[in-house]
Amino acid sequence: MARVIAISLNPALDLSIQLDAVRPGEVNRSESSRMDAAGKGNNVARVLRALGHDVLVTGFLGEDNQGAFERAFAAWGVEDAFVRVPGETRVNVKLSEADGRVTDINGPGAQVGETYLAALEAVLADHAGRASAVVMAGSLPPGVSPERFEQLVRFIGTLEVPVWLDTSGAALKAGFAAVPFAVKPNDVELGEWLGAPVNGREAVVEAARRLNETGIHNVFVSLGGDGMVLSTPAGVWSARPPAVEVVSTVCAGDTLVAAALHGELMQWPVEETLRFATALSADAVRHVGVGDIHATDLETLKTQCVLQQLTDGRPAGEWRV
Ligand SMILES: Nc1ncnc2c1ncn2[C@@H]1O[C@H](COP(=O)(O)OP(=O)(O)OP(=O)(O)O)[C@@H](O)[C@H]1O
Ligand SMILES: O=P(O)(O)OC[C@@]1(O)O[C@H](CO)[C@@H](O)[C@@H]1O
């Protein structure tokens, strides 16, 4: 198994609330609720650790409510190298309704100054040498500009470790400009990068290939219930999950990233990686939280995924260079 660094610049405590239907402006009564240490990088870390990798988590954690994270990191078995910053880590609210609709209310996060960014770079410089990959996932906290973020991604690139990036908005454009090894936009985010909506699979493939041309090797485009497209210099594939009952889509993208990175680290053929990542992320939507690698029907889900190679390239076994 490999060593991976998972960065959450803007982690969160996720307050997941399940209720029949949200009635704005009224008193709503929930069916259940729970609070979890989360944020995209931490969610990826949790899955990778469950898959047996040695994981170091870092980024910025508010010192006023760090206890829940410290307990979670100990329970997951990941190494905590978060830089502590003044104030509280944000609480993000996830409202899941009976029909599968999810409403996210994400906070801005704790303020991060340049001293803390420099401290994070020192952590990365210390640990990157032993890592097989660095995952950066999630939004930017206040105080980290897209320009500073691009500089950070480029800095990690100089540490000669592949960077897997999943972010959104201005951070996505800046992060993509730094040419990470792998990215996972969804179709809306891909459209934001392109400057025009990406509608339909052909447009997704076209936009993903343009990202490959900038030097990004693996472009995973997630398409919700329609699965994903993977574009690499070796070819383009699509993978569709079976229909599942949707409870919460919140950690599906993070599960996909972790499972795809696992396949890469294990040097699996592309089809095996796509099947695994699609099945595990489909499992993730059936409950609150990340995909469960012990789901009893995971093998069935894998066989139910429909894979297709959309363009010829080098043989699928050679999808990484
Ligand atoms: N309704 C669904 N049914 C089955 N699988 C799903 C469904 N929604 C998502 N998935 C799986 O999860 C993956 C990621 O989903 P999605 O495209 O919603 O990610 P995302 O936009 O990054 O979400 P988030 O940021 O909330 O994690 C999809 O590629 C697919 O494999
Ligand atoms: O505000 P961001 O950083 O874009 O997203 C944060 C977040 O919505 O992403 C995860 C799910 O992917 C959640 O755990 C978390 O609350």
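Ligands are counted one by one from 1 in listed order, and the atoms in each one are counted from 1 as well. Worth saying up front: this structure is predicted, and the values here are computed from it rather than measured.
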> I'd like to check which ligand 1 atoms, numbered from 1 as shown, lie under 4.0 Å from a non-hydrogen atom of Asn186.
21 (O)

> Enter the distance from Asn65:CG to Arg90:CZ here, rounded to the nearest 0.5 Å.
12.0 Å

> Thinking salt bridges, do Asp166 and Lys40 make one under a 4.0 Å N-O criterion?
no

> Can you list the ligand 2 atoms lying under 4.0 Å from a non-hydrogen atom of Gly138?
3 (O)

> First locate atom CG of Leu280, then atom OG1 of Thr255, and finally report the distance between them rounded to the nearest 0.5 Å.
5.5 Å

> In terms of atom number and element, which parts of ligand 2 are under 4.0 angstrom from non-hydrogen atoms of Asp14?
13 (C), 14 (O), 15 (C), 16 (O)

> Specify the protein heavy atom at minimum distance from atom 10 (C) of ligand 2: its residue, its atom name, and the distance to 0.1 Å.
Asn43 ND2, 3.5 Å

> Quick test: of every protein heavy atom, which one is nearest to atom 19 (O) of ligand 1, and how far off is it to 0.1 Å?
Ser222 OG, 3.4 Å

> Got a donor-acceptor contact below 3.5 angstrom from the His53 side chain to the Arg3 backbone?
no

> Heavy atoms only: which of Ala252, Ala284, Ala259 lies closest to atom 15 (O) of ligand 1?
Ala252

> Is there a nitrogen or oxygen of Val246 sitting under 3.5 Å from a nitrogen or oxygen of ligand 1?
no

> Under a 4.0 Å threshold between the charged nitrogen and the carboxylate oxygen, would Glu213 count as salt-bridged to Arg209?
no

> Does ligand 1 come near enough to Gly224 that some N or O of the ligand is less than 3.5 Å from an N or O of the residue?
yes

> Describe, in one word, how the ring planes of Phe181 and Trp164 are oriented to each other, choosing from parallel (under 30°), tilted (30 to 60°) and perpendicular (over 60°).
tilted

> Look at atom 3 (N) of ligand 1 and say which protein heavy atom is nearest, naming residue and atom and giving the distance to 0.1 Å.
Val244 CG2, 3.6 Å

> May I have the step-by-step check of side chain to side chain donor-acceptor pair (under 3.5 Å) for Asn10 and Ser139, ending in yes or no?
CA-CA 6 Å; Asn10 203 7; Ser139 58; 3.2 Å; yes

> Do ligand 2 and Arg90 have nitrogen or oxygen atoms that lie under 3.5 Å from each other?
yes

> Which atoms of ligand 2 are found less than 4.0 Å from any heavy atom of Ser139?
1 (O), 2 (P), 3 (O), 4 (O)

> Measure the distance from atom 8 (O) of ligand 2 to every protein heavy atom, then report the residue, atom name and distance (to 0.1 Å) of the closest one.
Lys94 NZ, 2.7 Å

> So which protein heavy atom does atom 25 (O) of ligand 1 come closest to, and at what separation?
Lys40 NZ, 3.2 Å

> Which one holds for Asn42 and ligand 2: side chain close, backbone close, both close, or neither close, with close meaning a heavy atom under 4.0 Å?
neither

> Only heavy atoms of Lys184, strictly under 4.0 Å: list the atoms of ligand 1 that pass.
20 (P), 22 (O)

> Given Pro185, Pro242, Gly225, which has its nearest heavy atom closest to atom 7 (C) of ligand 1?
Gly225

> Short list, please: which atoms of ligand 2 are under 4.0 Å from a heavy atom of Ala38?
14 (O)

> Between the side chains of Asp36 and Lys94, is the shortest nitrogen-to-carboxylate-oxygen separation below 4.0 Å, so that they form an ion pair?
no

> When rounded to the nearest 0.5 angstrom, what distance separates CZ in Arg71 from CH2 in Trp76?
12.5 Å

> Which residue holds the protein heavy atom closest to atom 26 (O) of ligand 1, what is that atom called, and what is the gap in Å?
Val250 O, 3.1 Å

> Just do the side chain to side chain donor-acceptor pair (under 3.5 Å) check on Asn212 and Ser231 with the steps written out, would you?
CA-CA 7 Å; Asn212 289 139; Ser231 180; 2.4 Å; yes

> Does an N or O anywhere in Gly253 fall below 3.5 Å from an N or O of ligand 1?
yes

> Lys40 versus ligand 2: do any nitrogen or oxygen atoms come within less than 3.5 Å of each other?
yes

> Between Thr255 and ligand 1, which residue portion shows a heavy-atom distance shorter than 4.0 Å: side chain, backbone, both, or neither?
neither

> Which residue supplies the protein heavy atom nearest to atom 11 (C) of ligand 2, what is that atom called, and how far is it?
Val250 O, 3.0 Å

> Does this structure show an ion pair linking Arg275 with Glu272, if we count only N-O contacts that are shorter than 4.0 Å?
no

> In Å and rounded to the nearest 0.5 Å, what is the OG1 to CG distance from Thr303 to Asp297?
9.5 Å

> Any N/O of Asp166 closer than 3.5 Å to an N/O of ligand 1?
no

> By number and element, which atoms of ligand 2 are closer than 4.0 Å to a non-hydrogen atom of Asn106?
1 (O), 2 (P), 5 (O), 6 (C), 7 (C), 8 (O)

> Just jot down the ligand 1 atoms closer than 4.0 angstrom to any heavy atom of Thr249, in number order.
26 (O)

> Would Gly227 count as being in polar contact with ligand 1, using the rule that some N or O on each side must be under 3.5 angstrom apart?
yes

> Just jot down the ligand 2 atoms closer than 4.0 angstrom to any heavy atom of Asp254, in number order.
10 (C), 11 (C), 12 (O)

> Parallel under 30°, tilted from 30 to 60°, perpendicular over 60°: which one fits the rings of Phe82 and Phe73?
parallel

> Once rounded to the nearest 0.5 Å, what's the spacing between atom CZ of Arg201 and atom CG of Asp187?
10.0 Å

> Before accepting this row, confirm whether a basic side-chain N of the pair Arg84/Glu70 lies closer than 4.0 Å to the acidic partner's carboxylate O.
yes

> Which of the numbered atoms in ligand 2 are below 4.0 angstrom from a heavy atom of Asn92?
6 (C), 15 (C), 16 (O)

> Please determine if Glu121 and Arg148 form a salt bridge, counting it only when a charged side-chain N lies under 4.0 Å from a carboxylate O.
yes

> Counting non-hydrogen protein atoms only, what is the nearest one to atom 11 (C) of ligand 1? Give residue, atom name and distance.
Ser281 OG, 3.5 Å

> Give a yes or no on whether the backbone of Gly107 and the side-chain of Asn92 come within a donor-acceptor separation of less than 3.5 Å.
yes

> Does Arg154 reach the main-chain N or O of Ala177 with its side chain, forming a donor-acceptor pair under 3.5 Å?
yes

> What atoms of ligand 2 come closer than 4.0 angstrom to any heavy atom of Gly39?
14 (O)

> Within a distance under 4.0 Å of any heavy atom of Pro241, pick out the atoms of ligand 1 and give their elements.
4 (C), 5 (N)

